[in-house]
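These notes concern the structure reproduced below.
So that the names make sense, note that chain A is the first sequence line, chain B the second, and so on, each numbered from 1.
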Amino acid sequence: NLSDKLASVFKKLKGKGHLTEDDINKALKEVKLALLEADVNYKVVKDFLNRVKEKAVGQEVLKSLTPAQQVIKIVRDELVNLMGGTTPELNLKGKVPAVLMLVGLQGSGKTTTCAKLAKFLKSKRGRHPFLVPADVYRPAAIEQLQKLGEQIKVPVYHSSPEDNPVEICFQAVNEARQKGYDAVILDTAGRLHIDEKMMEELKQIKARVYPQEILLVADAMTGQDAVNVAKNFNKALDITGIILTKMEGDARGGAALSIKAVTQKPIKFIGVGEKLDALDVFHPDRIASRILG
Amino acid sequence: FLGKKQIDEEVLEELEEILIMADLGVKATQELIQTITKKVSHKEINNVEELKKVLKEEIFKMISINRPDFDIERQRPFVVMMVGVNGVGKTTTIAKLAKYYYDQGKKVLLVAADTFRAAAIEQLQAWAQRVGVDIYSQQSGADPAAVAFDGVQLAKNKGYDIVFIDTAGRLHTKINLMEELKKIKRVIQKIVPAAPHEIFLVLDATTGQNATSQTKLFNEALGITGIIMTKLDGTAKGGILVSVAHEFRIPIHFIGIGEKMDDLKPFDPEAFVEALF
Ligand SMILES: Nc1nc2c(ncn2[C@@H]2O[C@H](COP(=O)(O)OP(=O)(O)OP(=O)(O)O)[C@@H](O)[C@H]2O)c(=O)[nH]1
Ligand SMILES: Nc1nc2c(ncn2[C@@H]2O[C@H](COP(=O)(O)OP(=O)(O)OP(=O)(O)O)[C@@H](O)[C@H]2O)c(=O)[nH]1
Ligand SMILES: [Mg+2]
Ligand SMILES: [Mg+2]
């Protein structure tokens, strides 16, 4: 793993008082490999290594650490710094009901995550959520959210595949307001970030119901393309946060760093299973270790 | 790509960037760069134009695997099992394959063996109706192996040409879920000893190097006979297919290029290589 590789890089550098530029370059070659193997985007890796180099060169080797441990510490701290930041709780303040909109590529886990969020808001935040199926394209998408709603005893808006998704969202928020639900969760259809017509639909939904949260749902196993997807969804909608799904697998999850780097938006939750309680708050230090392998 | 005429450090770095960003992964990228660098030092490659040519040839070698075009006529019913991790496009791909064979005049049966995920059965039923083929299903929560067994039994009794078995998505690291797939395979073999004739692994083009782990574990558990890569209509290049093909030598049969039932194409290695750059 990375610790062993760095240890062998520094084996020959006993007794040095500080990390030289040459030491750092050797070490960073190993870090680059680790990050690329973790699916972090190539350009994001380059920028990241430059930041680490700036922080590392000339640093005093701390008495308690070997040079290898020192470099790992700098790298890990920088990763945690980049992916963490402000506490990423959901913003439900402002108008009532609060509106959350989930968006993303096909199959990333939006529908399942909508139900997980509803369960979270109901059982852990004492809220009264309302689920809204706004995917009229995928066969049985509406049924899927309805069934999930039944499982967690959360009401679901009555959408029909003939309806217009923008109208569905608008009507659903009104119904929620009338019935006293305080959080509306909009499940949108999966779509490509390069599909202008479908991206326009999302912009129209946003303009119609002005959600407090627009959450990009992304698959933890996404490769280099994560930056293109994140950049485009963010540009179109100014997303407020990210949810990474399928994190309980063995994907290294480098997409987390790529997406955070390119959008500067907080990763709020991670999906860790197919069941509706499988939603965790995002811990940057845990994923940093995982990305570094 | 690679605008310059002379091969230097800058060109090799740019090459690394191109291959990594196409999701070829670290391993395949390193191998290709090693091969290229060797040929450059032996003067087999003398400029960027020749480099591009050799690069494409090397990648083409890695992904074109001689496959006996699976002949669905060799047994009736011909049984195909679809497996893969969550959300990659298994169910939609079955609909596309059903249409493909229905158009060839085959009698197609779909078997809804994903009895776990919410509305999975309804989703396949909707597709069966749209394509115009029959479907066998039981209630949600039924034992998937029992559904697969009864489905293949029905196919045999009623003379269907080809059967597609849809399974629930699952992470390859979940041992009990992989055991469930093995059980489905064993149970099908009881009715038709040579079945399933094909076990297709569906990979998502947006997936990075985890596709290697997925292929390894699904292959170890079941013996994957073919790969289908979906979502190549996005901006992801699907380069991990190069690494997977090279390492596991499993033929790639089709690619998915959209959400409609016609959005399926036979895999064309040459076109795939061209599209990487
Ligand atoms: N293992 C695992 N599977 C998940 C997770 N989240 C969702 N899934 C599964 O991923 C698959 C796709 O989930 P959906 O909720 O249908 O995804 P979607 O984004 O709504 O899909 P589209 O609407 O077609 O774009 C399903 O099999 C889910 O059970 C997770 O955290 N872990
Ligand atoms: N753009 C695009 N979308 C696709 C393609 N294939 C499937 N999809 C979409 O991907 C999403 C997931 O497809 P499914 O067929 O439900 O995937 P699955 O593997 O059966 O999912 P689970 O059963 O939940 O594991 C749907 O929104 C499909 O329309 C493709 O080739 N291109
Ligand atoms: Mg959905
Ligand atoms: Mg499915």
**Request:** Give the member of B:Gly234, B:Gly239, B:Ala95 that has the highest number of heavy-atom pairs under 4.5 Å with chain A.
**Result:** B:Gly234
Under 3.5 Å, side-chain donor or acceptor atoms of residues 154-161 of chain A against the rest of the protein: list the pairs with distances, not counting sequence neighbours.
from     : atom 1 : to       : atom 2 : distance (Å)
A:Ser159 : OG     : A:Pro133 : O      : 2.6
A:Ser160 : OG     : A:Glu162 : N      : 3.2
A:Ser160 : OG     : A:Glu162 : OE1    : 2.7

**Fill in**
Sequence neighbours excluded, the answer for salt bridge (Lys or Arg N to Asp or Glu O under 4.0 Å) partners of B:Glu259 is none
**Prompt:** Does one side chain, of A:Asp219 or A:Thr245, offer a donor that lies under 3.5 Å from an acceptor on the other?
**Reply:** no
**Request:** Look at B:Val85, B:Asn86, B:Leu171 and state which one has the largest set of heavy-atom pairs under 4.5 Å with chain A.
**Result:** B:Asn86
**Fill in**
Greatest number of non-hydrogen atom pairs under 4.5 angstrom with chain B, of A:Glu150, A:Gln146, A:Gln144, falls to A:Gln144
**Which of B:Lys237, B:Arg130, B:Glu17, B:Glu16 touches chain A most, by non-hydrogen pairs under 4.5 Å** = B:Glu17
**Message:** Measuring only between side-chain heavy atoms, which start at C-beta, is B:Val147 closer than 4.5 Å to B:Asp143?
**Reply:** no
**Request:** Below 4.5 Å from any heavy atom of chain B, which atoms of A:Leu145 appear? Answer side chain, backbone, both or neither.
**Result:** neither
**Message:** As a quick check of understanding, evaluate salt bridge (charged side-chain N to carboxylate O under 4.0 Å, His left out) for A:Asp47 and A:Lys43, giving each step before the final call.
**Reply:** CA-CA 6 Å; A:Asp47 292 340; A:Lys43 299 206 166 108; over 6 Å; no
**Item:** Under 4.5 Å from any heavy atom of chain B - which part of A:Ile194
**Value:** side chain
**Message:** Less than 6.0 angstrom separating the ring centers of B:Phe200 and B:Phe254, yes or no?
**Reply:** no
**Request:** Using non-hydrogen atoms and a 4.5 Å limit, figure out which bit of B:Thr207 sits close to chain A: side chain, backbone, both or neither.
**Result:** both
**Prompt:** Do the non-hydrogen side-chain atoms of B:Asp262 and B:Lys96 ever get within less than 4.5 Å of each other?
**Reply:** no
**Interface moiety of B:Gln30 toward chain A, non-hydrogen atoms closer than 4.5 Å** = side chain
**Request:** Considering only heavy atoms and a distance below 4.5 Å, find which of A:Arg252, A:Glu143, A:Gln151, A:His193 pairs most often with chain B.
**Result:** A:His193
**Prompt:** In terms of heavy-atom proximity below 4.5 Å to chain B, should A:Lys32 be classed as side chain, backbone, both, or neither?
**Reply:** side chain
**Request:** Between chain B and each of A:Lys46, A:Lys147, A:Glu37, count heavy-atom pairs under 4.5 Å; write down the option with the most.
**Result:** A:Glu37
**Asked** If you count heavy-atom pairs under 4.5 Å with chain B, which of A:Leu105, A:Leu192, A:Asn41 comes out on top?
**Response** A:Leu192
**Request:** For B:Gln209 and A:Leu36, indicate whether the former's side chain and the latter's backbone hold a donor-acceptor pair under 3.5 Å.
**Result:** yes
**Message:** Heavy-atom cut-off 4.5 Å, strictly under: side chain, backbone, both or neither for B:Lys174 against chain A?
**Reply:** side chain
**Request:** For residues B:Asp166 and B:Leu110, determine if any side-chain heavy atom of one lies less than 4.5 Å from a side-chain heavy atom of the other.
**Result:** no
**Fill in**
Applying a strict 4.5 Å limit to non-hydrogen atoms, the region of A:Asp250 in contact with chain B is both
**Message:** Is it true that A:Lys265 and A:Asn234 share a donor-acceptor pair across their side chains at a distance under 3.5 Å?
**Reply:** yes
**Top of A:Ser108, A:Ala255, A:Pro139, A:Gly107 for chain B proximity - count of heavy-atom pairs under 4.5 angstrom** = A:Pro139
